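Shown next, in structure tokens, is the structure this report addresses.
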Amino acid sequence: MAGEAPELSAQERAGRPFPVSWDQFHRDCRALTWRLNEVGPFHAVIAITRGGLVPAAIVARELGVRVIDTVCIASYDHDKQGDLQVLKGISEQAMKLGGGTGKGLLIVDDLVDTGKTGKLVREMLPDAHFATVYAKPKGRPLVDTFITEVSQDTWIFFPWDTALSYHPPLRDGAA
Ligand SMILES: O=P(O)(O)OC[C@H]1O[C@H](OP(=O)(O)OP(=O)(O)O)[C@H](O)[C@@H]1O
Ligand SMILES: Nc1nc2[nH]cnc2c(=O)[nH]1
Ligand SMILES: [Mg+2]
């Protein structure tokens, strides 16, 4: 409609950048595993792709879990969230390990933001344990275990999405 402000992307709404290095991410995943070790044991890890693949590998290694399955969900096109699409569901084998309800399974994702992705996977596996490395307030109630909460107006930049680049000095107006 004429005169209407253009819709802001999630990243534009999220004023604060929160860049995470590989080192930091690895440390945070290890810290998450310390907490999960108190809750398990788990029969299998279910990674929510794609972001959940990286923490799932680290957590599964630390917990000694060798069965890893994926649930493939697309929702954000870079920083704009659209309708959730389940591109691949949980395998029959993993479903069986969780007794059909997810009991003894560990769902892993990199973060919860609005909670839409987490809610959808929880509906598939209501008795599973859901862990994320980072959580924003809207999604936080959906998560059983997480490490760091960031404000809703933060955008987390993961190391696999970023590269080192020049940053101008603060006095020249850099944020
Ligand atoms: O709580 P929500 O608002 O649903 O957002 C959280 C989801 O968004 C990101 O995934 P994305 O859809 O960007 O896909 P990707 O993991 O393939 O990058 C992130 O990895 C979570 O899965
Ligand atoms: N990289 C990234 N993806 C997201 N998807 C939803 N919220 C975020 C975020 O803060 N960072
Ligand atoms: Mg994701």
Side-chain angles (χ1 to χ4, degrees), residues 6-33 35-36 42 44-62 65 68-91 94 98 102 105-126 128-165 167 175:
E7 199 192 324
L8 293 177
S9 70
Q11 193 176 338
E12 280 163 338
R13 282 197 307 274
R16 301 160 209 252
F18 184 87
V20 180
S21 68
W22 283 112
D23 257 15
Q24 184 63 49
F25 193 74
H26 197 182
R27 263 197 295 274
D28 288 341
C29 289
R30 282 210 169 120
L32 182 65
T33 318
R35 291 193 184 163
L36 294 171
F42 299 104
V45 168
I46 314 292
I48 305 179
T49 72
R50 294 159 304 178
L53 285 167
V54 186
I58 297 166
V59 166
R61 188 266 178 187
E62 298 298 335
V65 176
I68 301 175
D69 193 15
T70 54
V71 55
C72 305
I73 300 186
S75 76
Y76 285 82
D77 179 10
H78 179 38
D79 55 9
K80 281 204 171 65
Q81 191 169 32
D83 291 336
L84 266 59
Q85 283 181 65
V86 180
L87 305 171
K88 176 202 158 287
I90 296 145
S91 74
L105 301 186
L106 174 65
I107 305 164
V108 175
D109 206 350
D110 50 1
L111 69 98
V112 273
D113 185 320
T114 62
K116 282 186 191 168
T117 307
K119 184 167 178 284
L120 186 65
V121 180
R122 290 223 79 140
E123 283 164 6
M124 298 173 188
L125 298 169
H129 191 93
F130 182 31
T132 64
V133 189
Y134 306 110
K136 298 189 193 178
K138 270 194 195 163
R140 188 186 155 164
L142 286 159
V143 186
D144 296 306
T145 308
F146 69 94
I147 286 298
T148 303
E149 179 166 355
V150 300
S151 62
Q152 200 66 44
D153 66 351
T154 293
W155 189 261
I156 302 168
F157 287 94
F158 289 110
W160 52 88
D161 284 333
T162 52
L164 286 178
S165 65
H167 195 256

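Just so you know, ligand 1 is whichever comes first in the structure, and atom 1 is the first atom listed for that ligand. Any value given below was found using the heavy atoms of this structure, including those in side chains, with hydrogens, waters and symmetry copies removed. Note that the structure is a prediction, hence the values are computed from the model and not measured.
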Atoms in ligand 2 with a heavy atom of F158 nearer than 4.0 Å: 1 (N)

A student checking ligand 1 against D110 at a 4.0 Å heavy-atom cut-off should list atoms 19 (C), 20 (O), 21 (C)

Enclosure of R27 CZ (heavy-atom neighbours >12, cutoff 6.0 Å): yes

Ligand-side contact atoms (ligand 2) for residue partner D113, heavy atom cut-off under 4.0 Å: 6 (C), 7 (N), 8 (C)

Note: I156, heavy atoms under 4.0 Å from ligand 2, region reported as both

Is the F25 ring parallel, tilted or perpendicular to the W160 ring (thresholds 30°, 60°)? perpendicular

Region of F157 engaging ligand 2 - heavy atom pairs below 4.0 Å: neither

At a non-hydrogen distance cut-off of under 4.0 Å, which region of D113 contacts ligand 1 (side chain, backbone, both, or neither)? both

Measure L84 to ligand 1 on non-hydrogen atoms and call it side chain, backbone, both or neither using the 4.0 Å cut-off. neither

Ligand 2-proximal atoms of L111, by part, heavy-atom distance under 4.0 Å: side chain

Option of least heavy-atom distance to atom 15 (P) of ligand 1 (set: K136, R50, K138): R50

Enumerated ligand 1 atoms positioned under 4.0 Å from heavy atoms of L111: 6 (C), 21 (C)

With a 3.5 Å distance limit and no angle check, can you tell me whether K119 reaches the backbone of L142 through a side-chain donor-acceptor pair? no

Which of the atoms in ligand 2, numbered in the order shown and given with their element, are less than 4.0 Å from a heavy-atom of K136? 7 (N), 9 (C), 10 (O)

Nearest heavy-atom approach of V59 to C29 is CG2-O, 4.1 Å

Verify whether one side chain among T70 and K88 offers a donor that lies under 3.5 Å from an acceptor in the other. yes

Kindly confirm or rule out an N or O of G115 lying under 3.5 angstrom from an N or O of ligand 1. yes

Can you run down the salt bridge (charged side-chain N to carboxylate O under 4.0 Å, His left out) pairs that involve residues 139-152, sequence neighbours left out, and say none if there aren't any? R122-D144, R140-E149

Find all atoms of ligand 1 within a distance of less than 4.0 Å from any non-hydrogen atom belonging to V112, and give their numbers and elements. 1 (O)

Between G51 and ligand 1, does any nitrogen or oxygen pair lie at a separation below 3.5 Å? yes

Within the side chain of D69, is there an N or O that forms a donor-acceptor pair under 3.5 Å with the backbone of S91? yes

Residues which pass ring-ring contact (aromatic ring centres under 6.0 Å, His included) with F146, listed by chain and number, not counting sequence neighbours: none

Examine the side chains of D153 and S151 and answer whether a donor and an acceptor come within less than 3.5 Å of each other. yes

